[in-house]
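Quick note on labels: first sequence line is chain A, next is B, and so on, each numbered from 1.
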Number of protein chains: 2
Amino acid sequence: MKDLVSRCPIEEVMQVLSGRWPTLLIYYLQEGTKRFGELRRDNPTISHRMLTLELRKLQEAGIVERTEFEGYPLRVEYNLTPAGHQLVPLIDALGDWWETHTSADVHEVL
Amino acid sequence: MKDLVSRCPIEEVMQVLSGRWPTLLIYYLQEGTKRFGELRRDNPTISHRMLTLELRKLQEAGIVERTEFEGYPLRVEYNLTPAGHQLVPLIDALGDWWETHTSADVHEVL
DNA sequence: AGTAAATTACGCACTTTTTTGTTACCAGGA
DNA sequence: TCCTGGTAACAAAAAAGTGCGTAATTTACT
């Protein structure tokens with residue numbers, strides 16, 4: 001998904017939230033401040049390249065805040081911004097919708 | 001995003017909604033029944049292969065319903081399912097969140 | 001005391017994998 | 001022949017993974 005096809009805000013959010021990692025990272029950051037290495041341990045299958053890339057993207061989108069501390073070894077902390085926190089219930093709502101609509105329903109792919 | 005990393009419903013929805021097209025297609029189908037060709041005209045930059053692929057995915061996810069009519073030339077109609085309609089406000093909420101949080105805010109990337 | 005090694009959060013270049021696009025082809029009636 | 005709504009095969013593009021390097025300080029060993 002290189003660039004957008006419309007100027008619709010929905011397309012813009014989805015560009016940020018699309019993929020396996022954004023919502024997972026938001027989910028873990030919701031628990032509180034996390035360091036780079038902690039996030040790696042939280043999701044062991046992400047590569048460090050992807051993790052930095054995704055964190056940068058979320059940061060640019062104003063969802064995540066990055067704080068770098070002086071000293072060695074380098075220490076960096078990640079948090080959700082206020083906007084990021086506001087986003088959480090919306091994402092949860094999607095999860096809830098999915099659960100309810102896949103449980104009772106008719107269209108099951110068996 | 002080949003397969004999932006957790007059994008979290010959020011990851012499952014995002015697998016379906018990720019990418020440029022799913023939300024756009026839902027948006028257009030919200031207007032009512034659409035035929036394959038109409039959807040192509042609605043989003044001229046999608047390739048017909050992608051369109052079929054995405055529609056199949058949405059269909060399997062229980063968001064879209066496909067109705068095939070006998071006769072030639074072949075006629076096929078697409079609709080949102082009830083679950084699909086319920087999903088719309090949730091997606092809109094994301095768009096609204098994006099709008100409000102990118103407009104007033106501090107983290108602008110200029 | 002002196003040296004070696006580990007630590008943290010990446011960036012960069014290169015390779016592999018995955019996704020998307022392109023083209024050709026199908027059916028049968030107007 | 002064109003129309004519709006596809007499918008299948010191959011090609012191109014994009015995304016993701018891998019391994020190496022880096023910085024300055026602690027810790028580990030001899």
Chemist: Enumerate the protein-to-nucleotides 1-5 of chain D contacts in which both atoms are nitrogen or oxygen and the separation is below 3.5 Å.
Modeler:
{"residue": "dT4(D)", "atom": "O3'", "partner": "R35(B)", "partner atom": "NH2", "Å": "3.1"}
{"residue": "dT4(D)", "atom": "O3'", "partner": "L74(B)", "partner atom": "O", "Å": "3.1"}
{"residue": "dG5(D)", "atom": "OP1", "partner": "R35(B)", "partner atom": "NE", "Å": "3.0"}
{"residue": "dG5(D)", "atom": "OP1", "partner": "R35(B)", "partner atom": "NH2", "Å": "3.0"}
{"residue": "dG5(D)", "atom": "OP1", "partner": "V76(B)", "partner atom": "N", "Å": "3.4"}
{"residue": "dG5(D)", "atom": "OP2", "partner": "G37(B)", "partner atom": "N", "Å": "3.1"}

Chemist: Atom CE of M50(A) and atom P of dA14(D): how far apart are they, to the nearest Å?
Modeler: 15 Å
Chemist: For the backbone of A61(A) and the side chain of H101(B), can you confirm whether one donor and one acceptor N or O come within less than 3.5 Å of each other?
Modeler: yes
Chemist: Over how many whole Å does the gap from E54(A) atom CD to dA9(C) atom P extend?
Modeler: 18 Å
Chemist: Would you mind reading off the distance between L53(B) atom CG and dG6(D) atom C1', rounded to a whole angstrom?
Modeler: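 Atom-to-atom, L53(B) to dG6(D), this comes out as 11 Å.
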Chemist: Hey, does the side-chain of H48(B) have a donor or acceptor N/O within less than 3.5 Å of a partner on the base of dG21(C)?
Modeler: no
Chemist: Check for me, please, whether W97(B) and I10(B) land in the same ILVMFWY cluster - side-chain distances under 4.5 Å, paths through other members count.
Modeler: yes
Chemist: With rounding to the nearest 0.5 angstrom, report the NE2 to CG distance, H85(B) to L80(B).
Modeler: 4.5 Å
Chemist: So how far is it from M14(A) CE to L24(B) CG, rounded to the nearest 0.5 Å?
Modeler: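 M14(A) atom CE to L24(B) atom CG measures 10.0 Å (nearest 0.5 Å).
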Chemist: Figure out the CD1/P separation between I46(A) and dT17(C), and round it to whole Å.
Modeler: 19 Å
Chemist: Can you name the side-chain hydrogen bond (donor to acceptor under 3.5 Å, both in side chains) partners of E77(B), sequence neighbours left out?
Modeler: R75(B)
Chemist: The helix from dA1(C)-dT30(D) to dC26(C)-dG5(D): angle between its terminal axes, five pairs each, to 10°?
Modeler: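 Terminal axis comparison yields 20°.
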Chemist: Taking CZ from F69(A) and C1' from dA24(D), how many angstroms apart are they, rounded to a whole number?
Modeler: 18 Å
Chemist: CH2 of W21(A) versus C1' of dG17(D): gap in Å, rounded?
Modeler: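 Those two atoms, CH2 and C1', are 12 Å apart.
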Chemist: Taking atom types as modelled and ignoring hydrogens, do the side chains of E12(A) and W98(B) form a donor-acceptor contact shorter than 3.5 angstrom?
Modeler: yes
Chemist: Is L90(B) reachable from I63(A) through a run of hydrophobic residues whose side-chain heavy atoms are each under 4.5 Å from the next?
Modeler: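 Yes, one cluster joins them.
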Chemist: In whole angstrom, what separates N43(A)'s CG from dA16(D)'s C1'?
Modeler: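 For the pair N43(A) CG and dA16(D) C1', the rounded distance is 15 Å.
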Chemist: Quick one: does E38(B)'s side chain have a donor or acceptor within less than 3.5 Å of a partner on R35(B)'s backbone?
Modeler: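 Indeed, once roles are kept as given, a pair shorter than 3.5 Å links the two residues.
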Chemist: Less than 4.5 Å apart, side chain to side chain, heavy atoms only: is that true for W21(B) and L55(B)?
Modeler: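 A side-chain contact under 4.5 Å is absent here.
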Chemist: Go nucleotide by nucleotide along DNA chain C from the 5' end; which of L55(A) and R49(A) gets its closest nucleotide reached first?
Modeler: L55(A)
Chemist: Would you mind telling me which residue lines up with the more 5' stretch of DNA chain D, R20(A) or G71(A), judged by nearest nucleotide?
Modeler: R20(A)
Chemist: CZ of R40(A) versus P of dT8(C): gap in Å, rounded?
Modeler: 11 Å
